[in-house]
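One structure is given here, and the rest of the page talks about it.
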There are 2 protein chains.
Amino acid sequence: MNTKDRILQAALALYNQEGIRSVTTRHIATAMGISPGNLHYHFKHTEDIIQALFGQLTASYDQIVQDIAQHSIQTIEELHQYIDSSFHLIETYRFIFINFVELASWIPSIREAYQQLISKREKEFSHLFNNLAHNGVFRTDISSTLQNRLVRQLFLISDFWISANELTDQLRGEEALAVYREDVLSIFVPYLN
Amino acid sequence: MNTKDRILQAALALYNQEGIRSVTTRHIATAMGISPGNLHYHFKHTEDIIQALFGQLTASYDQIVQDIAQHSIQTIEELHQYIDSSFHLIETYRFIFINFVELASWIPSIREAYQQLISKREKEFSHLFNNLAHNGVFRTDISSTLQNRLVRQLFLISDFWISANELTDQLRGEEALAVYREDVLSIFVPYLN
DNA sequence: TCAAATTTAGAACAATTGTTCTAAAATCAA
DNA sequence: TTGATTTTAGAACAATTGTTCTAAATTTGA
């Protein structure tokens with residue numbers, strides 16, 4: 001792996017572990033055994049590192065969305081699989097979700113990229129709902145305003161479940177995934193057939 | 001108002017407006033026209049300021065809970081009133097909710113105080129549910145595991161709605177309150193009679 | 001009123017941070 | 001091989017930050 005990617009890797013690990021507050025470019029450099037000068041040769045500004053990591057996140061998310069579009073979700077098992085893979089993504093880029101608001105106000109391009117992500121997800125979710133309704137998993141008498149509220153709830157869980165978990169139970173790995181899955185599904189429960 | 005309280009007031013305003021990342025003790029001092037030395041005479045460390053503000057938050061919340069305990073919620077209108085006053089509290093201490101995880105890991109006493117807040121809220125919510133069920137507003141066939149999930153959803157909304165709003169619509173004032181109210185109530189909708 | 005306690009201003013300090021600069025080392029391309 | 005390009009190390013810089021220190025001003029209380 002080249003230095004640029006190694007920097008991103010080291011930065012991600014440190015941001016996730018120590019939090020963006022205490023991690024500096026010097027920390028990242030010393031953690032991976034290179035000089036600060038070298039780090040700033042590859043990333044002139046600290047924001048550039050975070051911006052690149054956010055780019056990785058959106059790229060991975062795009063991949064998931066694309067996979068769904070090709071092979072659309074029709075059963076509960078497939079829904080589980082989707083939930084699992086999106087949770088994995090959130091966990092991988094924990095620090096972004098934990099500091100989302102701060103990052104968005106600090107780095108404008110992140111706010112813009114998030115807006116695009118949102119509209120992509122909105123389409124994806126309404127697609128998902130329609131699919132599940134069409135296959136009889138879901139009730140068909142759900143109004144569009146209600147569907148909108150469900151989407152809002154799903155967004156809230158996707159974006160902030162990891163923060164809530166950090167404040168309360170601090171579950172990790174499989175245990176965390178199980179509860180996350182349950183929490184996401186509990187939104188659907190009242191509307192299942 | 002004495003200097004100590006004025007510092008807290010100025011700090012709260014700045015943290016809410018600029019975010020904890022860019023606000024320093026010097027900023028707070030110059031914003032209110034006192035010297036840095038004076039500020040640190042009243043609050044030796046920056047954490048002490050944030051800790052005091054968090055104390056204000058929990059104290060205000062305790063007040064709300066106490067009011068409810070005395071005059072318990074039985075109608076939808078009273079539920080609205082409760083939602084409104086808790087939203088007001090969240091909005092007043094925005095920065096805490098926006099940086100909750102970071103603050104909790106930075107200042108251990110905040111994490112501890114939050115744990116206590118959580119258990120207080122859990123009791124309060126189950127009380128609320130039972131009241132509403134008893135008064136026929138709510139269905140009575142809701143299992144305790146389901147109730148637990150509802151509580152989790154309510155916590156997620158209470159603690160992170162303001163963050164989600166910041167990332168997306170950035171609603172303010174009355175408009176924000178209206179949507180918040182709607183989002184909280186939409187959790188109850190499937191279980192109303 | 002006057003001495004003691006409290007509050008305040010502002011200089012000063014040490015540590016840290018993001019970033020730049022320079023020169024050396026490594027890699028590449030012909 | 002050799003000359004150019006890229007990568008790297010590490011010193012250096014300027015700005016900032018939290019905090020401390022000292023002395024002056026203000027308030028308090030008897």
Side-chain angles (χ1 to χ4, degrees), chain A residues 1-56 95-96 98-99 102-111, chain B residues 1-56 95-96 98-99 102-111:
Chain A
M1 194 162 28
N2 64 27
T3 308
K4 198 158 186 171
D5 289 333
R6 282 177 50 233
I7 291 172
L8 291 176
Q9 195 186 29
L12 179 60
L14 280 178
Y15 283 137
N16 282 343
Q17 280 159 30
E18 323 282 347
I20 57 167
R21 182 173 202 82
S22 46
V23 174
T24 69
T25 50
R26 272 187 171 80
H27 291 153
I28 299 167
T30 45
M32 56 188 293
I34 68 170
S35 63
N38 192 5
L39 184 143
H40 278 282
Y41 168 76
H42 290 285
F43 294 96
K44 206 162 194 205
H45 304 284
T46 312
E47 303 105 82
D48 299 337
I49 298 175
I50 293 174
Q51 211 171 319
L53 288 172
F54 191 78
Q56 287 185 357
F95 88 94
I96 291 179
I98 284 173
N99 303 282
E102 203 178 333
L103 292 178
S105 82
W106 176 24
I107 304 165
S109 70
I110 286 189
R111 155 153 287 130
Chain B
M1 194 162 29
N2 64 29
T3 308
K4 198 159 185 170
D5 289 333
R6 282 178 49 231
I7 292 173
L8 292 177
Q9 194 187 31
L12 179 60
L14 280 177
Y15 283 137
N16 281 343
Q17 281 158 30
E18 323 282 346
I20 58 168
R21 181 173 202 84
S22 46
V23 174
T24 69
T25 50
R26 273 188 170 80
H27 290 154
I28 299 167
T30 46
M32 56 188 293
I34 68 169
S35 64
N38 192 5
L39 184 144
H40 278 281
Y41 168 76
H42 290 285
F43 294 97
K44 205 163 196 203
H45 304 284
T46 312
E47 303 105 83
D48 300 336
I49 298 175
I50 293 173
Q51 211 171 318
L53 287 172
F54 191 79
Q56 287 186 356
F95 88 95
I96 292 179
I98 284 173
N99 303 281
E102 203 179 335
L103 292 178
S105 82
W106 176 25
I107 305 166
S109 70
I110 286 190
R111 154 153 288 129

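A note on names: the letters A, B, ... follow the listed sequences, proteins ahead of strands, and every chain is numbered from 1.
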**Message:** Quick check against the 3.5 Å criterion: does B/Asn38 have a side-chain atom that pairs as donor or acceptor with the backbone of B/Ser35?
**Reply:** no

**Prompt:** Listed by chain and number, what are the side-chain hydrogen bond (donor to acceptor under 3.5 Å, both in side chains) partners of B/Gln17, not counting sequence neighbours?
**Reply:** none

**For the student: nearest non-hydrogen atoms of A/Ile28 and A/Ile7, plus distance** = CG2-O, 4.1 Å

**Request:** Evaluate the criterion side-chain contact (heavy atoms from CB on, under 4.5 Å) for residue pair A/Ile20 and A/Glu102; output intermediate values, then yes/no.
**Result:** CA-CA 10 Å; A/Ile20 57 167; A/Glu102 203 178 333; 4.1 Å; yes

**Request:** Report, as a single string ordered 5' to 3', how protein heavy atoms within less than 4.0 Å touch nucleotides 3-20 of chain D: B base, S sugar-phosphate only, - not at all.
**Result:** ---SBBBB-B----BBBB

**Request:** Please say which of A/Lys4, A/Met1, A/Met32 ends up in a side-chain contact (heavy atoms from CB on, under 4.5 Å) with A/Gln9.
**Result:** A/Met1

